[in-house]
Every structure is written in structure tokens, then in C-alpha cells.
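Position 1 is the first residue of the sequence; numbering continues from there. No experiment lies behind these values; they were computed from the predicted model shown.
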Amino acid sequence: MYTKRCQAKYGKEYNSVREKLGVPIIMDKWTIENREDDVTFWGVLNSDVVGHKRKTVIFDGCDIAEETDVYQLPIENGEKRWIEMSYKCKQAVHKDSIQYQIGSYAKQISKVKADSILDAAHINKGY
């Protein structure tokens with residue numbers, strides 16, 4: 001399909017643009033886990049890894065509409081924890097959404113708070 005061909009230009013070779021925008025890059029060791037007509041899932045095969053583990057790139061035709069990054073945090077008090085950062089690219093005003101989740105409990109947090117949590121866990125943010 002035409003859209004999948006357009007997606008190819010937004011892989012690792014697009015990382016320099018992501019860096020300029022302050023959006024997490026696609027990590028060197030990642031591969032495409034799945035690709036559909038309007039979304040590409042990048043990640044690391046070991047799902048138990050602590051750190052930046054996945055990026056979902058959602059497309060609107062041949063343009064990026066949104067990117068979402070998942071960071072797995074160390075288990076705390078027997079609960080899995082992660083941070084999910086979404087970057088909406090096709091809006092008049094660029095808007096980010098950051099969610100911190102512990103088990104089934106989730107809440108919105110600021111980028112400053114997310115950076116603080118990731119720094120405390122010694123996780124490479126990729127931006």
C-alpha cells in the first residue's frame with residue numbers, strides 16, 4: 001500500500017528531526033514489531049527491559065499524526081510502572097500528553113515530573 005511506503009522515511013533516518021523537536025528517537029537496537037496501514041510499532045524484543053522500550057508512530061496519509069513512547073520503570077512495591085508520552089504532530093498547536101501509570105492506576109503528569117522520574121531511574125530518555 002502507498003501509505004506503508006511513505007512510512008519508511010520516518011524510521012531511524014528521521015531521528016535527527018526528532019532530536020531537534022525534542023521528541024524521543026527510535027533507538028538503534030529496535031526493530032519494527034508490527035506495521036499496519038496507518039501505524040508502525042518500534043521496540044525492543046525483551047519486554048521486561050527497564051527503559052525506553054517502545055515507540056508507536058501513527059500516520060495521517062504520508063505525514064506523522066502522533067508518536068507515543070513507552071518507558072518501563074523498575075518495579076516498585078510489586079507493581080509494574082511506566083510512563084507513556086504522546087506527541088501530537090498534526091495540530092495547529094503542538095500538544096504533548098504524558099501519563100504515569102502504576103498497575104491499573106494512571107494519572108497525567110508534566111514533562112518536568114516525567115523527566116524527574118526517568119532521571120531518578122537512570123533511564124535514557126532518547127531526547
Can you tell me how far the [atom1] atom of [X] sits from the [atom2] atom of [Y], to the nearest 0.5 Å?
{"X": "Trp42", "Y": "Ile32", "atom1": "CH2", "atom2": "CD1", "value": "4.0 Å"}
{"X": "Met85", "Y": "Ile83", "atom1": "CE", "atom2": "CD1", "value": "5.5 Å"}
{"X": "Gln99", "Y": "Gln108", "atom1": "CD", "atom2": "CD", "value": "5.5 Å"}
{"X": "Thr40", "Y": "Arg35", "atom1": "OG1", "atom2": "CZ", "value": "4.5 Å"}
{"X": "Asp69", "Y": "Thr56", "atom1": "CG", "atom2": "OG1", "value": "8.0 Å"}

Practice item. Ignoring hydrogens and angles, tell me if any N or O in the side chain of Gln101 forms a donor-acceptor pair with the backbone of Lys80 under 3.5 Å. Key: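 Looks like no, no N/O pair under 3.5 Å.
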Do [X] and [Y] share a hydrophobic cluster (ILVMFWY, side-chain heavy atoms under 4.5 Å, transitive)?
{"X": "Val49", "Y": "Val70", "result": "no"}
{"X": "Met27", "Y": "Leu73", "result": "yes"}
{"X": "Ile75", "Y": "Val50", "result": "no"}
{"X": "Val44", "Y": "Phe41", "result": "no"}
{"X": "Ile98", "Y": "Ile102", "result": "yes"}

Practice item. Search all heavy atoms of Gln72 against all heavy atoms of Trp82 and return the closest pair with its distance. Key: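 Closest heavy-atom pair between Gln72 and Trp82: CA-CB, 4.2 Å.
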Review point. Closest heavy-atom contact between His52 and Pro24?
Key: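 In terms of heavy atoms, the two residues are closest at CE1-CB, 3.6 Å.
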Check your understanding: Does the side chain of Val39 reach to within under 4.5 Å of the side chain of Glu66, using non-hydrogen atoms?
Key ->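 The answer is no; the side chains never approach within 4.5 Å.
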Review point. Side chains of Glu79 and Tyr105: does their closest heavy-atom pair fall under 4.5 Å?
Key: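 Glu79 vs Tyr105: side chains apart.
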Check your understanding: Does a donor on one side chain and an acceptor on the other come within less than 3.5 Å for Thr68 and Ser86?
Key -> yes
Please report, to 0.1 Å, the donor-acceptor pairs under 3.5 Å made by any side chain of residues 10-19, with sequence neighbours excluded.
| residue | atom | partner | partner atom | Å |
| --- | --- | --- | --- | --- |
| Tyr10 | OH | Cys62 | O | 3.3 |
| Lys12 | NZ | Asp28 | O | 2.7 |
| Lys12 | NZ | Trp30 | O | 2.8 |
| Glu13 | OE2 | Gly11 | N | 3.2 |
| Asn15 | OD1 | Arg18 | NH1 | 3.2 |
| Asn15 | OD1 | Ile26 | N | 2.9 |
| Asn15 | ND2 | Lys12 | O | 3.3 |
| Asn15 | ND2 | Ile26 | O | 2.8 |
| Arg18 | NE | Glu67 | OE1 | 3.0 |
| Arg18 | NE | Glu67 | OE2 | 3.0 |
| Arg18 | NH1 | Gly11 | O | 2.9 |
| Arg18 | NH2 | Tyr10 | O | 2.8 |
| Arg18 | NH2 | Glu67 | OE2 | 3.1 |

Review point. Taking only residues two or more places apart in sequence or in another chain, which ones pass side-chain hydrogen bond (donor to acceptor under 3.5 Å, both in side chains) with Glu33?
Key: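 Glu33 satisfies side-chain hydrogen bond (donor to acceptor under 3.5 Å, both in side chains) with Arg54 only.
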Listed pairs under 3.5 Å, donor-acceptor, residues 117-127 side chains, sequence neighbours left out:
| residue | atom | partner | partner atom | Å |
| --- | --- | --- | --- | --- |
| Asp119 | OD1 | Lys125 | NZ | 2.7 |
| Asn124 | OD1 | Gly126 | N | 2.9 |
| Tyr127 | OH | Lys111 | NZ | 3.3 |
| Tyr127 | OH | Asp115 | OD1 | 2.1 |

**Study point:** Heavy atoms of other groups near Asn77 CG, more than 12 under 6.0 Å
**Key:** no
